[in-house]
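Just so it is clear, the values below take in all heavy atoms, side chains as well, and ignore hydrogens, waters and symmetry mates.
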Amino acid sequence: SGASQIHTFAFHVNVFFFSLQVIKVYNEDNTSRAVEVPTDITARDICQLFVMKNHCIDDHSWTLFEHLSHLGIERTIEDHESVMEVLSGWGMDTDSRLYFRKNYAKYEFFNKPLDFFPDHMVSLSSETNGIMNHSQLIQTFLNSSTCPEIHGHLHAKEQGRKSWKKFYFVLRRSGLYFSNKGTSKEPRHLQFIAEFSDSDVYTLLSAKKIHGAPTDYGFCVKSTKCGSPRDLKLLCADDEQTRTCWVTAMRLFKYGLQLYQNFIQPHQKQKASPMRSISENSLVAMDFSGHKSRVIENPSEALSVAVEEGLSWRRKSCHRLSSHGSPSTSQSPMSNIALHMAQPWFHSKLSRDEAHRLITQQGLIDGVFLLRDSQSNPKTFVLSLCHTQRIKHFQILPVDDEGDLFYSLDDGHTRFTDLIQLVEFYQLNRGVLPCKLKHHCARITL
């Protein structure tokens with residue numbers, strides 16, 4: 001009986017061993033990490049794994065990307081997708097990678113659908129009478145019995161040629177079509193291009209450079225069974241909003257309600273299991289200012305003490321660790337170390353083009369930002385910020401006031417002793433900016 005138990009145990013170990021597989025995942029700076037994972041692992045599972053391994057804050061924006069370098073394309077792998085199924089579609093001799101990075105725009109269309117679907121591009125079923133609010137618009141896409149339609153002009157690369165031609169396209173639940181007669185939607189004029197049950201939508205990484213597209217707002221439809229460049233249905237929009245509309249609609253038509261379940265799942269888990277533990281719930285406010293410590297039972301007193309503690313800490317830290325120091329204080333060189341260098345939103349030597357690429361990768365939604373050194377003026381910094389799917393750059397200037405150095409975005413009207421104060425202020429106040437700072441671009445080393 002003991003021998004049979006050992007034999008059974010060995011059998012289970014073997015089964016478990018064969019259900020694991022090693023995969024390699026990359027981050028933005030192309031460092032990689034190999035991890036052993038179960039063969040039924042999903043994209044969300046892998047993101048959770050790396051969030052824990054790297055002690056990241058899980059704000060549900062971490063995303064796994066499929067990056068096909070040989071084709072110059074990439075896409076978001078949806079949270080529910082089987083990663084092994086994605087890998088099984090890769091050729092042995094292709095440079096295909098999984099990337100782990102933030103994508104703040106992944107589900108933003110559920111929060112602000114009217115920003116993603118402009119009126120002039122969307123036709124809805126007649127019973128809505130053309131008047132839609134946010135929730136109705138999303139419900140129309142998620143409800144399989146309704147027939148929303150995306151339409152507009154796109155550039156398409158002609159099969160077997162280098163040239164691109166502009167056509168009127170129509171996207172329906174049944175697939176993607178183009179009209180061979182102007183903007184006619186008559187069935188005899190609509191030619192079928194692709195449907196999405198066995199295809200995925202990708203963005204083109206360098207549409208102009210690699211594919212000779214008229215703009216850099218390229219995307220494509222790729223069959224899951226084909227890996228050749230000639231099999232790609234290459235398309236190109238005139239601006240970012242148009243491309244985002246088409247790509248988002250294709251994702252919604254392909255996955256429907258599953259996308260909404262992916263979106264709400266993390267929030268449901270948070271409600272079901274609050275992060276605070278029993279020990280944290282039993283914490284009390286204490287006053288140690290007198291000879292004896294005492295418990296602060298009055299909630300308003302506890303709050304005012306906490307606020308005063310915070311302000312006191314800020315005053316001390318600014319005096320002790322400010323990046324510029326004060327001429328009248330005798331500080332050691334080490335105490336003058338720049339606090340902002342350790343902040344996840346600061347990307348020291350990043351160029352303007354690299355900042356543009358990083359923000360684009362992590363999601364073109366309002367409030368995505370980073371700070372960096374200015375390349376044109378070594379003594380200044382730059383705030384790069386996304387607003388209305390455009391990236392704008394704002395110079396942060398040093399202001400000298402009787403020997404004290406401050407930083408300002410508005411020619412000295414609003415001053416800050418360090419960049420941390422500046423960021424915290426504009427996270428709460430729009431000020432001279434087009435929108436508040438909301439999501440910082442973060443890079444991690446795996």
From the list Asn103, Asp200, Thr63, side-chain hydrogen bond (donor to acceptor under 3.5 Å, both in side chains) partner of Thr76 resolves to Asn103

> Is the distance between the ring centroids of Phe50 and Phe100 less than 6.0 Å?
Replying inline: yes

Q.
When you compare the side chain of Lys157 with that of Cys220, does any pair of heavy atoms fall below 4.5 Å?
A. no

Nearest heavy-atom approach of Arg33 to Asn54 is NH1-OD1, 4.3 Å

#### Entry: Pair Phe381 + His340: ring centers closer than 6.0 Å
yes

Classify the side-chain pair Asp353/Ser351 by whether it contains a donor and acceptor separated by less than 3.5 Å. no

Mind running salt bridge (Lys or Arg N to Asp or Glu O under 4.0 Å) on Glu240 and Arg243 for me, showing each step along the way? CA-CA 5 Å; Glu240 185 59 62; Arg243 171 169 71 171; 2.9 Å; yes

*Taking the inter-plane angle between the rings of Phe116 and Phe109 on a 0 to 90° scale, is it parallel (under 30°), tilted (30 to 60°) or perpendicular (over 60°)?*
perpendicular

I want to check something: taking the side chain as every heavy atom from C-beta on, are Val37 and Asp45 in contact at a cut-off of under 4.5 Å? no

Are the aromatic rings of Phe141 and Phe117 close, with centres under 6.0 Å apart?
-> yes

In terms of side-chain heavy atoms, does His80 have a donor or acceptor partner in Thr42 at a distance below 3.5 Å? no

Check: For the residue pair Tyr107 and Phe263, does the interplanar ring angle fall in the parallel (under 30°), tilted (30 to 60°) or perpendicular (over 60°) class?
Finding: tilted

Would you say the side-chain atoms of Tyr202 and Glu66 include a donor-acceptor pair closer than 3.5 Å? yes

Report task. Output, in order, the C-alpha distance, side-chain angles, deciding distance and verdict of side-chain contact (heavy atoms from CB on, under 4.5 Å) for His67 and Tyr26. Result -> CA-CA 10 Å; His67 182 100; Tyr26 292 79; over 6 Å; no

* Return yes if a side-chain donor-acceptor contact under 3.5 Å exists between Ser384 and Arg372, otherwise no. => yes

Requested in this report: Run the ring-centre check on Tyr255 versus Tyr260 and record whether the distance is less than 6.0 Å.
Outcome: no

Do Leu87 and Leu98 pass the side-chain contact (heavy atoms from CB on, under 4.5 Å) test, and can you show the C-alpha distance, the side-chain angles, and the key distance before you say yes or no? CA-CA 9 Å; Leu87 300 185; Leu98 295 175; 4.0 Å; yes

>> For the residue pair His155 / Thr215, report whether a side-chain donor-acceptor contact shorter than 3.5 Å exists.
In response: no

